[in-house]
Amino acid sequence: MKESYFPQEIEKKWQKIWEDNKAFHTPDNSDKPKYYALSMFPYPSGKLHMGHVRNYTITDVIARFKKMQGYNVLHPIGWDSFGLPAENAAMQHGADPAKWTDENIAYMTKQLKMLGLSYDWEREVTTCKPDYYKWTQWLFIQLFKKGLAYKKEAAVNWCEHCGTVLANEQVIDGKCWRCDNVVEKRYLSQWFFKITDYAERLLEDLDKLKGWGDNVKTMQANWIGKSKGAIFRFKVKEIEGLEVPVYTTRPDTVHGITYLVVAPEYKDIEKLTTAENKQAVEEYRANARKMSEIERLSTERIKTGVPLGTHCINPFTGEEFPLWTADYALVEYGTGAVMAVPAHDTRDFDFAKKYNLPIKVVIQNPENPSDCKDAAYTEEGILVNSNEFNGMKNTEAKEAITQKAVNEGFGEFKTQYRLRDWLISRQRYWGAPIPVVYCDKCGIVPEKEENLPVMLPTDVDFSVVGKSPITTSKTFEETTCPICGGKAKREMDTMDTFVCSSWYYLRYSDPKNTNLPFSKELVDNWLPVDQYVGGIEHAILHLLYSRFFTKALKDLGLLSFDEPFKNLLTQGMVLKDGSKMSKSKGNTVDPDEIFENYGADTARLFILSDSPPARDFDWSDAGVEGCYKFLNRVWRLVSDNQNNITKDYNLVFPLTRENDDLVRTVHMAIKGITNDIANDFQFNTVISKYRELTNAIYDWRGKKSDFSAEDKNVLSFAIISLIKLMAPVTVHMSEEIWHDLGYRSSIHSEKWCEWDDNLAKASKITLVVQVNGKVKDKIEADEGVNDEELKAIALSSEKIKELTAGKEIVKMIVVPKKLVNIVIK
RNA sequence: GCCCUUGUGGCGGAAUCGGUAGACGCGUUGGACUUAAAAUCCAAUCGGGGUUCUCCCUCGGUGCCAGUUCAAGUCUGGCCAAGGGCACCA
């Protein structure tokens with residue numbers, strides 16, 4: 001064994017051996033129970049960043065730990081390789097997106113291997129390869145046949161910078177999630193997945209996800225946005241047979257309506273506008289169209305609107321009230337029309353104040369009645385001015401009033417969701433083509449399954465501006481109809497990359513299947529994912545889409561489970577000097593440099609050491625240095641003592657006192673480390689326990705001048721246990737030391753260390769003696785003493801005698817083997 | 001406005017059940033080794049006060065204010081702050 005630690009040499013050597021031996025290949029058939037550990041797969045952007053390093057290290061340690069615990073572990077990796085950056089590179093540098101992507105994958109693969117990750121490379125999946133996107137297209141067709149994929153004309157989010165539409169989930173604060181440019185509304189015919197059909201199940205099943213954090217679950221619940229209320233239909237006074245339906249969560253306030261608002265884009269708005277009001281309404285609508293989404297949705301903005309000139313009748317009161325249009329009503333939500341009750345809604349109140357509309361109070365707090373002249377009353381209360389409902393609690397009136405509307409035929413109970421259907425078509429080249437053709441005779445027709453994949457054309461011109469490069473292909477658009485065989489045109493849009501990433505974790509179970517995206521047997525065998533690890537930024541997007549896909553594929557009979565990810569760990573960001581690492585701030589740390597200077601084991605150890613995985617992690621050069629020093633310290637511990645370490649050690653009890661203590665310390669470390677990993681993967685405390693154990697062995701060693709046979713056995717036990725406990729983290733160093741100690745097989749196939757509960761505790765206890773809850777003394781006692789003996793020991797302490805002299809002892813509380821509290825008066 | 005998460009030394013963070021607050025590390029300070037440096041090792045390190053001063057005693061302390069309890073970082077109620085999510089969603 002070398003005297004000094006040379007990580008670069010060791011790491012290269014073992015990486016090659018593991019690769020040559022296919023050490024991390026996972027068989028489908030095994031007697032062992034399965035465990036599926038998964039990191040969110042990367043976009044091949046070019047180089048790994050520290051966020052990747054953290055993500056993959058966490059999952060790798062979990063995978064290796066579970067393997068040592070006796071599981072058949074599936075730990076795959078792949079590439080989310082469709083998407084705009086490849087296409088932008090093509091446009092800027094004239095590169096071929098496929099080639100650009102391949103080169104990035106090659107480089108990043110090299111980096112992943114340098115990190116010593118235990119991937120089964122035979123299961124690698126790349127979403128931009130035809131053998132993968134064939135099945136993305138096939139799944140699209142299955143969804144289409146089920147009515148879950150459909151095309152419609154709709155107001156959609158358009159990003160001018162990216163030249164494509166976006167899903168609602170990809171618009172953050174009115175801006176594009178990728179380029180941060182302001183998104184505008186356009187009316188376009190686009191492909192959607194009917195995720196709204198699954199709104200209730202997606203919401204309800206969140207309760208099943210015990211292994212997910214509440215933050216992610218509430219984000220999803222908010223996004224789905226379920227609310228319960230009522231639909232009321234109001235007859236229009238001036239137009240026979242025309243009704244305006246509204247959705248409200250406050251049916252209890254229906255007697256307080258003083259006007260009604262429809263969105264500027266409301267479908268019947270032209271019919272509802274009188275000739276005198278037409279010009280003003282048209283102007284208002286034109287203005288609303290021009291406004292950006294951000295401006296329009298700003299809650300800061302003063303509300304505006306114009307009257308339409310027509311009126312509705314409130315069937316509960318017979319009162320007439322005017323119709324207005326105002327852009328605070330949203331066409332996409334509810335019915336696009338709102339009943340306005342200014343007395344009990346702050347938005348309606350502001351609007352009524354501005355336009356001098358009447359305010360009618362119908363809910364009151366009997367203790368402290370308000371006339372609602374200065375502000376809306378939005379709390380609970382008792383109904384007034386509400387005919388037969390007067391005196392009823394408003395919470396009860398909600399149901400009673402809706403029931404009346406149901407009975408009389410002008411309303412119903414209604415549950416409403418905010419979730420909209422998922423817009424999946426993109427006007428871009430580098431994505432999976434939507435496998436659909438347009439035939440003049442047969443209409444919209446899916447491509448025949450045996451013709452899949454619909455290949456991306458390669459004869460395209462990336463220099464075009466203002467349209468998708470795919471439209472420049474001379475071969476792509478013209479095709480024949482799969483039904484009638486006549487001339488037909490292909491769909492020119494490709495799919496959102498989030499479609500590709502919504503099922504990749506299923507493909508890993510059966511990555512080479514050429515007949516199906518995966519066999520039902522294998523997917524049911526491996527899934528659900530036991531531990532998924534990734535960034536919080538996917539809390540809604542990817543995780544919601546994947547849950548939807550799983551449920552839809554279950555309904556299609558392709559698999560048998562309805563949630564894909566049993567446990568989810570959302571790791572925190574990697575920061576430097578308190579802020580997120582980014583190129584623009586110039587505070588990035590290049591993983592390559594760390595590997596080169598310190599080795600992957602140091603990088604792995606450090607990125608796990610300072611913070612629990614879910615929290616943000618502050619990268620510091622001093623911290624890396626500290627971890628490197630620790631590894632050197634461990635190395636020296638072994639190399640300085642190698643003559644006294646034997647792999648065939650044999651502990652014979654009883655041991656001498658000091659040796660007994662060290663053996664107990666090792667057992668405590670095994671127990672503590674195992675429990676810390678089981679308890680939400682607290683790797684930071686795991687690593688502190690590596691250090692404690694190392695310190696304990698050094699202390700023990702410092703007291704020895706020569707070694708007895710027993711000493712050698714105990715030292716061997718301690719050091720070999722330490723190396724094994726560290727193996728999931730410092731994968732190369734542990735393997736090297738293991739072999740230096742004479743073992744032939746890989747440490748990573750070893751069984752995880754076990755502890756004996758009788759030994760995983762100190763032989764002596766420190767009895768804490770409190771008087772009235774304050775610590776007054778600490779006394780060493782034997783581990784086996786009972787409660788009565790502890791009381792006696794406590795009372796025999798000189799200090800305690802002094803403090804209790806002349807006082808009455810009211811009672812004594814004993815915490816077994818720990819503490820005695822003496823209560824005195 | 002609503003929802004979620006988090007508040008502990010100079011810093012990152014420990015502390016299964018309510019039972020010794022500050023593990024482990026970083027930083028800092030002092031020391032050993034060395035011609036010197038690097039590396040390594042040893043020691044100290046929450047604050048106030050006291051003292052017979054390398055020992056030791058005492059009071060306070062986990063965002064704030066109350067409460068429950070023999071005992072609260074931990075439980076309950078009410079606040080405050082930071083981060084994140086949603087938001088003219090009727």
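In what follows, every chain begins at residue 1, and chains take the letters A, B, ... in the order their sequences are listed.
Note that CG of A/L693 is 7.5 Å distant from OG of A/S721, once rounded to the nearest 0.5 Å. Summarising the geometry, atom CG belonging to A/D782 is positioned 8.0 Å from atom CD1 belonging to A/I765; distances are rounded to the nearest 0.5 Å.
The gap from the C1' atom of B/C75 to that of B/A87 amounts to 34 Å, rounded to the nearest Å. Nucleotides B/G18 and B/C24 have their C1' atoms positioned 24 Å apart, rounded to a whole Å. Annotation: B/U54 and B/A44 have their P atoms spaced 14 Å apart (nearest Å). For the C1' atoms, the distance from B/A21 to B/G73 is 7 Å, rounded to whole Å. For the C1' atom pair drawn from B/G25 and B/G13, the interatomic distance equals 9 Å after rounding to whole Å. The gap from the P atom of B/C64 to that of B/U69 amounts to 23 Å, rounded to the nearest Å. For the C1' atoms, the distance from B/G47 to B/C79 is 26 Å, rounded to whole Å. Across B/G22 and B/A15, the matching P atoms stand 13 Å from one another, rounded to whole Å.
As a whole-Å value, the separation of A/K764 NZ from B/U20 C1' is 19 Å. One can place CG of A/L203 at 16 Å from P of B/C86, the figure rounded to the nearest angstrom. Atom NZ of A/K226 and atom C1' of B/C86 are 18 Å apart (whole Å). Rounded to an integer number of Å, the gap from OH of A/Y259 to C1' of B/A90 is 11 Å. When the P atom of B/C70 is taken as reference, atom CG of A/N772 falls 11 Å away, rounded to whole Å. Atom pair A/Y628:OH and B/C26:P shows a separation of 16 Å (rounding to whole Å applied). Atom pair A/N821:CG and B/G19:P shows a separation of 13 Å (rounding to whole Å applied). Across the protein-nucleic acid pair, A/K228 atom NZ and B/A90 atom C1' stand 18 Å apart, rounded to whole Å.
The backbone N or O of A/E243 sits nowhere less than 3.5 Å from a side-chain atom of A/R233 that would complete a donor-acceptor pair. A distance-only check finds a donor-acceptor pair linking the side chain of A/D616 to the backbone of A/M573 [under 3.5 Å].
In this structure, A/D618 does not pair ionically with A/K576, as no charged nitrogen and carboxylate oxygen lie closer than 4.0 Å.
Judged as a side chain to side chain contact (heavy atoms under 4.5 Å, CB included), and not counting sequence neighbours, the contacts of A/N679 are A/Q682. Listed by chain and number, the residues in a salt bridge (charged side-chain N to carboxylate O under 4.0 Å, His left out) with A/D610 amount to none (sequence neighbours excluded).
Toward the 5′ end of RNA chain B lies the nearest nucleotide of A/R636, the other residue of the pair A/T335 and A/R636 mapping further downstream. A residue-by-residue look at A/K774 and A/I536 shows that A/K774 has its nearest nucleotide of RNA chain B further toward the 5' end.
Within 3.5 Å, a donor on the side chain of A/R420 pairs with an acceptor on the base of B/C89, or the reverse. In this model, a side-chain donor or acceptor of A/K303 finds a partner on the base of B/C88 within 3.5 Å.
B/C17 takes the syn form, because its glycosidic angle lies no more than 90° either side of 0. Base orientation of B/G50: anti, the glycosidic angle falling outside 90° of 0.
Contact annotation for A/V775: backbone-only contact, meaning every heavy-atom pair under 4.0 Å involves sugar-phosphate atoms and none involves a base. Within the 4.0 angstrom heavy-atom criterion, only backbone atoms of the sugar-phosphate kind lie near A/K799; the bases stay farther away. No contact: A/K217 has no heavy atom under 4.0 Å from any strand. No contact: A/E625 has no heavy atom under 4.0 Å from any strand.
With B/U40, B/G27, B/C70 as the candidates, the nucleotide lying closest to the side chain of A/V823 is B/C70. Distances were taken from every side-chain heavy atom of A/Y333 (C-beta onward) to each of B/C89, B/G85, B/C26; the shortest belongs to B/C89. When distances are taken from the side chain of A/A329 to each of B/U20, B/A90, B/G85, the shortest belongs to B/A90.
Residues from residues 690-703 of chain A placing a heavy atom under 4.0 Å of any atom in RNA chain B, listed by number, are A/R691, A/E692, A/N695.
For the residue pair A/A696 and A/T665, the shortest heavy atom distance occurs at CB-CG2, 3.8 Å. Looking at every heavy atom in both residues, A/E380 comes nearest to A/I363 through C-CG2, 4.4 Å. When all heavy atoms of A/P342 and A/I359 are compared, the pair lying nearest together is CB-CG1, 3.9 Å.
When A/F321, A/F351, A/F349 are each tested for a ring pair (Phe, Tyr, Trp, His ring centres under 6.0 Å) with A/Y259, only one passes: A/F351.
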Quick one: do A/K791 and A/E788 satisfy salt bridge (charged side-chain N to carboxylate O under 4.0 Å, His left out)? Show the steps, please.
CA-CA 5 Å; A/K791 281 187 195 175; A/E788 287 309 311; 3.7 Å; yes
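Where RNA chain B pairs in unbroken runs of 3 or more (Watson-Crick or G-U, both distances under 3.5 Å), the stems are B:1-7 with B:80-86, B:10-12 with B:24-26, B:27-32 with B:40-45, B:46-50 with B:56-60, B:63-67 with B:75-79.
Listed by first then second residue, pairs satisfying side chain to side chain donor-acceptor pair (under 3.5 Å) with a partner in residues 622-636 of chain A read A/Y598-A/E625, A/R633-A/N695, not counting sequence neighbours.
For the pair A/R691 and A/F630, the cation sits on the ring face: its NZ or CZ lies under 6.0 Å from the ring centre, inside 45° of the axis.
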Produce a footprint string for nucleotides 2-18 of chain B: one letter per nucleotide, 5' end first; B if the base is under 4.0 Å from any protein heavy atom, S if only the sugar-phosphate is, - if neither.
-SSS------SSSS---
